[in-house]
Each structure stands twice: as structure tokens, then as C-alpha cells.
Amino acid sequence: KAGVTQTPRYLIKTRGQQVTLSCSPISGHRSVSWYQQTPGQGLQFLFEYFSETQRNKGNFPGRFSGRQFSNSRSEMNVSTLELGDSALYLCASSAYPGRNQPQHFGDGTRLSIL
Amino acid sequence: QKEVEQNSGPLSVPEGAIASLNCTYSDRGSQSFFWYRQYSGKSPELIMSIYSNGDKEDGRFTAQLNKASQYVSLLIRDSQPSDSATYLCAVGESNTGNQFYFGTGTSLTVIP
């Protein structure tokens with residue numbers, strides 16, 4: 001069974017640009033969550049999608065947005081990039097939403113802002 | 001802001017010893033708890049989940065949960081150099097939704 005697939009693995013952008021990251025969950029998983037990981041802050045929750053609807057959102061500015069498609073694949077978009085957006089962005093999937101459902105992570109997209 | 005705190009590292013243990021990793025959480029209503037292992041440059045990998053008070057064993061790993069004390073721990077017996085990684089504690093948020101709070105991780109080094 002294939003795991004969570006994130007593309008691209010690496011991205012280099014400059015300030016002010018925008019970026020779109022993609023996540024394909026484990027087959028059969030319908031809930032997708034996004035996290036930002038930085039050395040100082042650890043894993044910070046961005047948002048969670050289920051059935052093409054955003055169910056939860058973390059404490060990030062509106063420049064961070066996402067969506068989910070009918071096949072459960074998800075995209076995350078960051079506009080007007082800032083230097084502080086440099087991080088590893090992780091996508092995690094679970095069969096259903098719910099606090100008892102363990103999440104399985106993809107390998108992440110490492111975003112560097114110059 | 002709900003918090004998850006992990007014992008500060010880095011933690012070093014000799015090969016064959018028991019490594020003890022600790023985690024406390026602030027959300028008293030939390031019902032689900034997970035331990036992830038993250039190797040350098042890799043994504044977090046789920047190694048244990050626990051939902052009820054007490055101990056849960058899986059091979060060399062034992063998770064311990066005490067909801068009254070808001071404390072969860074991970075014991076690694078017979079530590080191996082391959083266990084060297086950062087261990088993340090994750091706590092399921094008590095309200096509806098799939099939100100999890102993560103600790104910043106404890107770096108473990110097993111010395112051969």
C-alpha cells in the first residue's frame with residue numbers, strides 16, 4: 001500500500017512569490033492535515049480537510065490556504081511568501097477525522113525562501 | 001493555547017539500556033496519545049498509540065499513560081543505535097476535529 005505522497009520534495013522561492021504544495025493520502029484515507037515544521041517551533045498544525053471541507057484551522061495568517069479534491073488529494077497554497085515561511089511542510093492522512101485516528105505522514109516538502 | 005511539553009534533550013543512553021522519554025500535556029480532556037519517531041531529514045513515523053490509562057507494550061516499546069497526572073511516557077528497552085532519532089509526543093485535542101498538538105521532540109542518541 002503506497003504511503004502519503006507529497007510533491008515537490010524541495011522548493012526554492014523568493015519573497016513575495018506564491019507556492020502550491022500537493023499531497024496524495026494513503027489509498028482509502030479521507031482526512032488530510034497539514035503541518036509546518038521548523039527547528040524552533042516544532043510541528044505546528046495548519047489545517048485539516050475531510051470530504052472537501054476544511055474542518056479545523058490552526059493559528060496561521062490568511063496567506064496560508066488549502067483545499068481538498070473529491071479524490072481526497074489536497075493542495076496547500078502560500079501567497080506573498082516571507083522569509084519566515086521557510087520550513088518543512090508535512091501532510092498527514094488518516095482514514096477519518098477524529099482524535100483517535102492515528103495520522104500517517106508523507107516525506108514533506110522542504111520550502112526555502114530566499 | 002493547549003501545550004505539549006517533552007523532557008528537554010538531548011538524551012544519551014548506552015546500547016542495551018532503557019531510554020525513558022516523557023511528555024506532559026495541558027488539555028485535561030485529551031483522549032488520544034501518540035509517539036512518533038523522526039530520523040534526521042525524514043518524516044515522523046508512528047510507533048505507538050495509547051488511549052487508556054496504564055501501560056501498552058509493543059516489542060521493545062512501552063507507552064505509559066496517566067490521565068490524572070496528564071502524563072505520557074515512552075520506554076525503549078534494549079536500546080539500539082538505530083533508535084537514535086527525535087521522538088515526538090502528539091496529543092489529540094479534546095474537542096471535535098482531528099487536531100493534534102505536538103511536543104517539540106526529544107533527541108535520543110544510543111551510544112554503541
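So that the names make sense, note that chain A is the first sequence line, chain B the second, and so on, each numbered from 1.
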Student: Can you name the residues of residues 81-91 of chain B that have some heavy atom under 4.5 Å away from a heavy atom in chain A?
Tutor: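 When heavy atoms of chain A are the reference, residues 81-91 of chain B contributes B/Leu88 within the under-4.5 Å range.
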
Student: Please examine the side chains of B/Val72 and B/Gln64, heavy atoms only from C-beta on, and report whether any two atoms are closer than 4.5 Å.
Tutor: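 Sidechains of B/Val72 and B/Gln64: no contact.
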
Student: Do B/Lys67 and B/Gln31 meet the criterion of a side-chain donor-acceptor pair at a distance under 3.5 Å?
Tutor: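 Judged by distance alone, the side chains do pair up.
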
Student: Taking C-beta and beyond as the side chain, do B/Ile47 and B/Asp58 meet within less than 4.5 Å on heavy atoms?
Tutor: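 They are not in contact (no side-chain heavy atoms under 4.5 Å apart), so the answer is no.
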
Student: So which residues of residues 5-13 of chain A are in contact with chain B at a heavy-atom cut-off of under 4.5 Å?
Tutor: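 Residues in range: none.
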
Student: Can you give me the closest heavy-atom contact between A/Met76 and A/Phe64, atom names plus distance?
Tutor: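 A/Met76 and A/Phe64 have their closest heavy atoms at CE-CD2, 4.2 Å.
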
Student: Would you say B/Asp78 and B/Gln80 are linked by a side-chain donor-acceptor pair, where the criterion is simply a distance under 3.5 Å?
Tutor: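 Yes, side-chain donor-acceptor contact under 3.5 Å.
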
Student: Does the side chain of A/Thr38 come under 3.5 Å of the side chain of A/Gln41 through a donor N or O and an acceptor N or O?
Tutor: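 Not at all, the side chains of A/Thr38 and A/Gln41 share no donor-acceptor pair under 3.5 Å.
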
Student: Between A/Tyr49 and A/Phe47, what is the ring plane arrangement, given parallel below 30°, perpendicular above 60°, and tilted in between?
Tutor: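 It falls in the perpendicular class, over 60°.
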
Student: Taking the inter-plane angle between the rings of B/Tyr36 and B/Phe102 on a 0 to 90° scale, is it parallel (under 30°), tilted (30 to 60°) or perpendicular (over 60°)?
Tutor: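 B/Tyr36 vs B/Phe102 ring planes: tilted.
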
Student: Could you tell me which non-hydrogen atom of B/Ser20 sits nearest to which non-hydrogen atom of B/Leu11, and how far apart they are?
Tutor: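 Closest approach of B/Ser20 to B/Leu11: O-CD2, 3.6 Å.
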
Student: Do you know which two heavy atoms are closest between B/Cys23 and B/Val4, and how far apart they sit?
Tutor: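 Looking at all heavy atoms of both residues, the shortest contact is SG-CG1, 3.4 Å.
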
Student: Report, in residue-number order, which members of residues 104-114 of chain A are under 4.5 Å from chain B by heavy-atom distance.
Tutor: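 Within residues 104-114 of chain A, the residues that come under 4.5 Å of chain B (heavy atoms only) are A/His104, A/Phe105, A/Gly106, A/Asp107.
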
Student: Side chains of B/Ser26 and B/Gln70: donor-acceptor distance under 3.5 Å anywhere?
Tutor: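 Distance-only check fails for B/Ser26 and B/Gln70.
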
Student: Do B/Ser73 and B/Asn22 have side-chain N/O donor and acceptor atoms under 3.5 Å apart?
Tutor: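 B/Asn22 and B/Ser73 do not have a side-chain donor-acceptor pair below 3.5 Å.
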
Student: Which residues from residues 105-112 of chain B are near chain A, with near meaning under 4.5 Å between non-hydrogen atoms?
Tutor: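 The stretch does not come within 4.5 Å of chain A.
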
Student: Do A/Gln44 and A/Tyr35 make a side-chain contact, defined as non-hydrogen atoms from C-beta onward lying under 4.5 Å apart?
Tutor: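 Sidechains of A/Tyr35 and A/Gln44: no contact.
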
Student: Contact between A/Asn56 and A/Phe45 at the side-chain level, heavy atoms closer than 4.5 Å - yes or no?
Tutor: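 Touching, per the 4.5 Å side-chain cut-off.
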
Student: Report which part of A/Leu43 has an atom under 4.5 Å of a heavy atom belonging to chain B: side chain, backbone, both, or neither.
Tutor: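 Both backbone and side chain of A/Leu43 come within 4.5 Å of chain B.
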
Student: Is atom CZ of B/Arg77 surrounded by more than 12 heavy atoms (other residues, nucleotides or ligands) closer than 6.0 Å?
Tutor: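 More than 12 heavy atoms, drawn from other residues, nucleotides or ligands, come within 6.0 Å of this atom.
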
Student: Given heavy-atom pairs under 4.5 angstrom as the criterion, report whether the side chain, backbone, both or neither of B/Gln6 touches chain A.
Tutor: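 Looking at B/Gln6, nothing touches chain A.
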
Student: Is a salt bridge present between A/Glu52 and A/Arg67, judged by a nitrogen-to-oxygen distance below 4.0 Å?
Tutor: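 Salt bridge absent between A/Glu52 and A/Arg67.
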
Student: Can you see whether A/Gln37 engages B/Gln38 through a side-chain donor-acceptor pair at a distance of less than 3.5 angstrom?
Tutor: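 The answer is yes; a qualifying pair exists.
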
